[in-house]
Trainee: 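Structure in structure tokens, see below.
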Amino acid sequence: MSDLIEKYTDNALNLEEQILFENRLKSDDKFRQEVEKYRLARVVASAIIEDEILGHLSKVTSNKGNIFLHYKKWWILLALILVMFSVIIWWTQKTTHDIQQDNTLFAQIYEEPVWPVERGGEDKLQLIISDYLTGHQHEAITVLENEISTFPDSVMLKYWLTEMYIKEKNTAKSSQYLDVLKSVPSLKDRVTYLEIIWLIQKGDEQEAIRKIDAVYDGVDNHYQSLYDNIKNKTKKG
Amino acid sequence: MNNVWILGKAEVMQLKAESRFREKFTSMLYNDEELKKGIRQLKLKYNLSSDEFEELFQNTIVMFFKTLVLGKEVSEITDVRAYVYTIARNRLMTELSKPGFGLTESLDEAKFQGLASDQHQTEQYILRDERRTEIQKIIGMIGEKCRSVLMYWSSGYSMEEIAGFLGYKSAGMAKKKKHLCLAELIVLIEQKPALKISLLNLLK
């Protein structure tokens, strides 16, 4: 029996064997059941290629999904870059705007001192200030700082250096001599004014207004007018 | 392969014999826009949904390989796209001719063009409906070599041919392997009575 089925499964039956095979199928139930098993196995075996190709297709379609995901990642990255770029642009514009606003405010509220420059003057301080006013701010400030190291008790050197710091908006250094200078009666009003400017430069407008209110009645009309202007131009005013 | 859409004898043999080539070719077919465009004409003409189109497209690719690998008579394909398109059209016609579709006119037209009448035996789907999972489980349980031997055996290839495809030294070795694999497969099927009934119905 098995030889015959084997030949059948190997597609190797000749005509005579085929007839024998078919006759036996009709008459022998056990044989028929046995053959049935082989036929079913053949059906399942014929699905192997389907299974394989469906597997390949599944890979292809999931790769498509992955490609989408891949691109999705790139889209997210691109979106992040765009957000970052927008933030940078916003920040730059804001900073520029703030600086412009600061510069505008400073120009509106700051009044320069009467710089002590005389034609043909030989005084070293005058030469330094002259240098400062002719575009050599950094050099002039450095020289003046060195002079103060040499003459630490010189109030005038400290005062003019403070004027330069304020004009240059060097908020870190502007305040270092303010207390010393306020104790000099002839400089008191100007130094108080410089302190107020310094407070506004470093963003402490509330303190600047408080300071103005505290000194307002004790200063002359010129400074009252300057303070009025400051209060008008600043937000707190 | 200079022109991938022309399959000579060597390429057909390669596709018959090696799964990795079939995998590569599956991807190529699935991603070919021109082929997809052609089959999409059928979608438009017969008003198929996107899901139906996708099913048709994938089934067509399965059928292409089934015909190519199991069809002993296929030795060359001069235009793969046209060949696949014809399979798609035949498949669609078969589906539409089933009761309930009522597209006799379209079917007649297709028949007139000689495209719907030559259903090859390999165009019968085994892996469908409730059988699919069970059969796939069984196939997954037999080894890779066994799968290959049984795949060719089911199509009527001789043991010499199978030995040639799979690199066995002789037809006798291929036959021995087939014997063992077949016995294993029969045991696995016997363990699934419901599947047996379903498959017997398929044979009727």
Side-chain angles (χ1 to χ4, degrees), chain A residues 1-19 21-22 24-26 28-72 74, chain B residues 19 22-31 54 57-58 61-66 68-70 121-122 124-128 131-132 135-136 138-140 142 146-159 175 178-179 181-186 188-190 195-196 199-200 202-203:
Chain A
M1 179 172 77
S2 62
D3 282 351
L4 196 60
I5 297 175
E6 194 79 4
K7 272 194 166 182
Y8 164 74
T9 62
D10 291 346
N11 315 302
L13 293 177
N14 61 33
L15 186 62
E16 191 183 337
E17 287 165 331
Q18 270 183 30
I19 294 166
F21 186 87
E22 279 161 21
R24 195 163 175 188
L25 268 182
K26 288 172 191 167
D28 187 340
D29 270 0
K30 200 178 169 191
F31 181 73
R32 190 178 47 76
Q33 283 171 11
E34 201 62 24
V35 171
E36 210 165 60
K37 287 181 190 174
Y38 283 90
R39 291 180 71 201
L40 293 182
R42 184 165 227 146
V43 172
V44 172
S46 71
I48 291 171
I49 185 69
E50 286 179 35
D51 183 56
E52 182 197 297
I53 302 303
L54 285 172
H56 296 332
L57 279 168
S58 172
K59 272 191 201 171
V60 174
T61 49
S62 67
N63 281 345
K64 271 204 149 188
N66 288 340
I67 287 166
F68 173 72
L69 281 177
H70 181 72
Y71 283 124
K72 198 178 170 187
W74 282 107
Chain B
S19 175
R22 293 196 285 271
E23 182 171 1
K24 201 173 164 187
F25 211 75
T26 301
S27 174
M28 202 183 81
L29 287 174
Y30 187 81
N31 291 311
E54 183 64 22
F57 191 45
Q58 290 201 23
I61 292 173
V62 171
M63 202 48 63
F64 166 77
F65 282 103
K66 211 167 171 184
L68 183 78
V69 177
L70 305 186
Q121 195 187 348
T122 56
Q124 186 176 34
Y125 265 112
I126 311 299
L127 293 180
R128 64 191 308 167
R131 283 194 304 266
R132 182 172 175 160
I135 293 178
Q136 282 182 319
I138 291 174
I139 292 171
I142 54 179
C146 268
R147 282 203 292 271
S148 300
V149 170
L150 294 174
M151 180 177 86
Y152 296 120
W153 163 76
S154 72
S155 299
Y157 284 102
S158 69
M159 289 303 137
K175 188 175 177 177
K178 187 257 337 179
H179 182 77
C181 296
L182 191 55
E184 189 185 345
L185 182 60
I186 287 171
L188 290 169
I189 295 168
E190 286 297 302
L195 177 66
K196 261 185 82 174
L199 291 173
L200 283 170
L202 191 70
L203 289 175

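Since we're looking at a predicted model, the values are computed, not measured. Letters go in sequence order (proteins before strands), and every chain restarts at 1. Just so you know, these numbers use all the heavy atoms, side chains as well, and skip hydrogens, waters and symmetry mates.
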Trainee: Indicate the atoms forming the closest heavy-atom contact of A:Leu57 with B:Gln58, along with that distance.
Mentor: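 So the minimum-distance heavy-atom pair works out to CD1-O, 3.6 Å.
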Trainee: Less than 4.5 Å to any heavy atom of chain A: does that hold for the side chain of B:Leu200, its backbone, both, or neither?
Mentor: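 Answer is both: backbone and side chain atoms of B:Leu200 are under 4.5 Å from chain A.
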Trainee: Given that the side chain runs from C-beta out, which part of B:Lys24 has a heavy atom under 4.5 Å from chain A: side chain, backbone, both or neither?
Mentor: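 B:Lys24 has no heavy atom closer than 4.5 Å to chain A.
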Trainee: Looking at B:Ser19, B:Cys181, B:Ser27, B:Gly140, which makes the most heavy-atom pairs under 4.5 Å with chain A?
Mentor: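 Among B:Ser19, B:Cys181, B:Ser27, B:Gly140, the one with the most close pairs to chain A is B:Ser19.
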Trainee: For A:Phe31, does the six-membered ring have the charged nitrogen or CZ of A:Arg24 within the cation-pi criterion, i.e. under 6.0 angstrom from the centroid and within 45° of the normal?
Mentor: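 Flagged: A:Arg24 positioned over aromatic ring of A:Phe31.
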Trainee: Determine the option with the most heavy-atom pairs under 4.5 angstrom with chain A, choosing from B:Ile186, B:Leu188, B:Leu150.
Mentor: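 Heavy-atom pairs under 4.5 Å are most numerous for B:Ile186.
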Trainee: Check B:Val69, B:Ile139, B:Leu185 against A:Ile48 for a side chain to side chain contact (heavy atoms under 4.5 Å, CB included) and give me the one that passes.
Mentor: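 The option that passes is B:Ile139.
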Trainee: Between B:Glu23, B:His179, B:Glu190, which residue shows the highest count of heavy-atom pairs closer than 4.5 Å to chain A?
Mentor: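 Of the options given, most contacts go to B:Glu23.
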Trainee: Give a yes or no on whether a salt bridge exists between A:Glu36 and A:Arg39, defined as a side-chain N under 4.0 angstrom from a carboxylate O.
Mentor: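 Between A:Arg39 and A:Glu36 there is no salt bridge, as every charged N stays at least 4.0 Å from the carboxylate O atoms.
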Trainee: Can you check whether A:Ile19's main-chain N or O pairs, donor with acceptor, with A:Glu22's side chain at less than 3.5 Å?
Mentor: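 Side chain of A:Glu22 to backbone of A:Ile19: no pair is present.
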